[in-house]
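First the proteins, then the strands, lettered A, B, ... as listed; each starts at 1. Here the structure is a predicted model, which means the values were calculated and not measured.
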There are 2 protein chains.
Amino acid sequence: MSSAAPSTPRLFGFIAGSDGPWRIEHVQAVVGEPIPTAPRMRVVADPLAQLPANASWSLRGITSNERYVEREEKTKLADKQQGLGRVESTRAALIPIRKNTAWWALTQDERRRVFEAQSQHIAIGLKYLPAVARRLHHCRDLGPSEPFDFITWFEYAPADSAAFDELVLALRASPEWQYVDREVDIRLALDPA
Amino acid sequence: MSSAAPSTPRLFGFIAGSDGPWRIEHVQAVVGEPIPTAPRMRVVADPLAQLPANASWSLRGITSNERYVEREEKTKLADKQQGLGRVESTRAALIPIRKNTAWWALTQDERRRVFEAQSQHIAIGLKYLPAVARRLHHCRDLGPSEPFDFITWFEYAPADSAAFDELVLALRASPEWQYVDREVDIRLALDPA
């Protein structure tokens, strides 16, 4: 029943506590229950399921196939986007969100309509490329009791912090965000101890 | 970071070994690696991650939101389908499948086109309702090294066995199945020991 290990990691853990290269600068519970505060955070590939000793909190998510993006949009995104880990990207945001039962009861065509036709989720994101690099992780199907449905990790240069704020506010003002029932916005600065 | 337990189970385990109410009648490795033989199987909600002692094999999957079905199709399906556990449904099939890298690299519009426009996956399934009841489980996003991407559990009456064979053959002959790189077809009869 075994399967080969994947060539690139898909499962990532975000572990907050007393150590890690990212200093947590600000945590805002935008909607719903907050998370505990912690001074630092690290991102790890293939984390253990258990909370590591001394961690304040740990979140997990898995990269997956695209759920809404169509071919023409993917081509535009691929042309403009850049990867994580750029040397100038010393600021980051970790934004876990959960959507409500009404969202998950929508059919695929209905969710796509809210996501792009009504909310321009892809078009808004495109405006901030390549300044903002991102990786989307899914959590909802990791198990039956995950605290969030998605976790997005964003990286950008300090000079693009205001642009990033603008991006996040544009998405929060969209019809899609009426389905978000929990969101935490965690801002970080790269500061290897 | 905790979240409330879901009201209905989403994660299911299929555990084969020496006991369980379902007698395994036939196992066929349709494409790719086979699975070990076993005399009996049981279906459990919220299984442990580990293989239970004395089990020959164990597969896990989670029910999730629909990935392709549109509103009009969902209405038609809901009107015709019946639930699992009907007293006359003493035959079942457990069909785990895995799709290849080319499938997962397709965008949403491309996958939908193969799934329905080219393969009539929903239309074919509709023809066999309400005779065949089914529950689809996703596995691909449970973790990074699951042996299958999907597991479908089907239940039907003995008199509908030939119709079920027809359904399965129609799907296997469709363009969508060119993306299937592993499939095992396990047939079972309800036979409480």
Side-chain angles (χ1 to χ4, degrees), chain A residues 1-12 33-36 45-46 49 51 56-75 96 98-99 101 103-113 137-149 182 184, chain B residues 1-12 33-36 45-46 49 51 56-75 96 98-99 101 103-113 137-149 182 184:
Chain A
M1 307 297 278
S2 68
S3 84
S7 47
T8 48
R10 290 181 57 214
L11 186 67
F12 292 89
E33 199 188 340
I35 61 171
D46 298 320
L51 188 70
S56 299
W57 50 261
S58 168
L59 293 171
R60 298 187 318 144
I62 191 162
T63 61
S64 188
N65 60 294
E66 276 134 2
R67 305 294 160 87
Y68 303 107
V69 170
E70 302 185 351
R71 177 55 59 188
E72 201 184 331
E73 294 158 347
K74 184 165 182 173
T75 304
R98 186 179 64 199
K99 285 178 172 171
T101 309
W103 173 263
W104 295 114
L106 295 178
T107 51
Q108 178 66 30
D109 54 324
E110 292 168 334
R111 278 183 278 105
R112 163 75 198 188
R113 205 173 304 131
H137 312 77
H138 294 259
C139 324
R140 179 172 156 82
D141 292 343
L142 279 177
S145 52
E146 289 295 315
F148 294 97
D149 291 335
R182 188 174 181 199
V184 181
Chain B
M1 308 296 279
S2 67
S3 85
S7 48
T8 49
R10 291 181 57 214
L11 186 67
F12 292 89
E33 198 187 342
I35 60 170
D46 298 321
L51 187 70
S56 299
W57 51 260
S58 168
L59 292 171
R60 297 188 317 145
I62 191 161
T63 60
S64 187
N65 59 296
E66 276 134 3
R67 305 295 161 88
Y68 302 107
V69 170
E70 301 184 351
R71 177 56 59 189
E72 202 184 329
E73 294 158 347
K74 184 163 181 172
T75 304
R98 187 178 64 200
K99 284 179 172 170
T101 309
W103 174 262
W104 295 113
L106 295 178
T107 51
Q108 178 66 30
D109 55 325
E110 292 168 335
R111 278 182 277 106
R112 164 74 197 188
R113 206 173 303 132
H137 312 77
H138 295 258
C139 323
R140 179 173 156 82
D141 293 342
L142 279 178
S145 52
E146 288 294 315
F148 294 98
D149 291 334
R182 189 175 180 197
V184 180

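With rounding to the nearest 0.5 Å, the separation of CG in A:Leu106 from CZ in B:Arg71 is 7.0 Å.
Of the atoms belonging to B:Leu142, heavy atoms from both backbone and side chain fall under 4.5 Å from chain A. For B:Glu110, the part sitting under 4.5 Å from any heavy atom of chain A is the side chain, from C-beta outward, and nothing else.
In this structure, the side chains of B:Arg140 and A:Asn65 come closer than 4.5 Å at one or more pairs of heavy atoms.
Scanning both residues, B:Ile62 and A:Pro144, for their nearest heavy atoms gives CD1-N, 3.8 Å. The shortest non-hydrogen separation linking A:Thr107 to B:Val69 is CB-O, 3.3 Å.
Contact count against chain B (heavy-atom pairs under 4.5 Å) is highest for A:Arg67 among A:Arg67, A:Lys74, A:Glu73.
Ionic pairing of A:Asp141 and B:Arg60 is not present here: no N-O contact between side-chain nitrogen and carboxylate oxygen is shorter than 4.0 angstrom.
With sequence neighbours left out, B:Asp149 forms a side-chain hydrogen bond (donor to acceptor under 3.5 Å, both in side chains) with B:Trp104. The side-chain hydrogen bond (donor to acceptor under 3.5 Å, both in side chains) check on A:Arg111 picks up A:Tyr68, A:Gln108, with sequence neighbours excluded.
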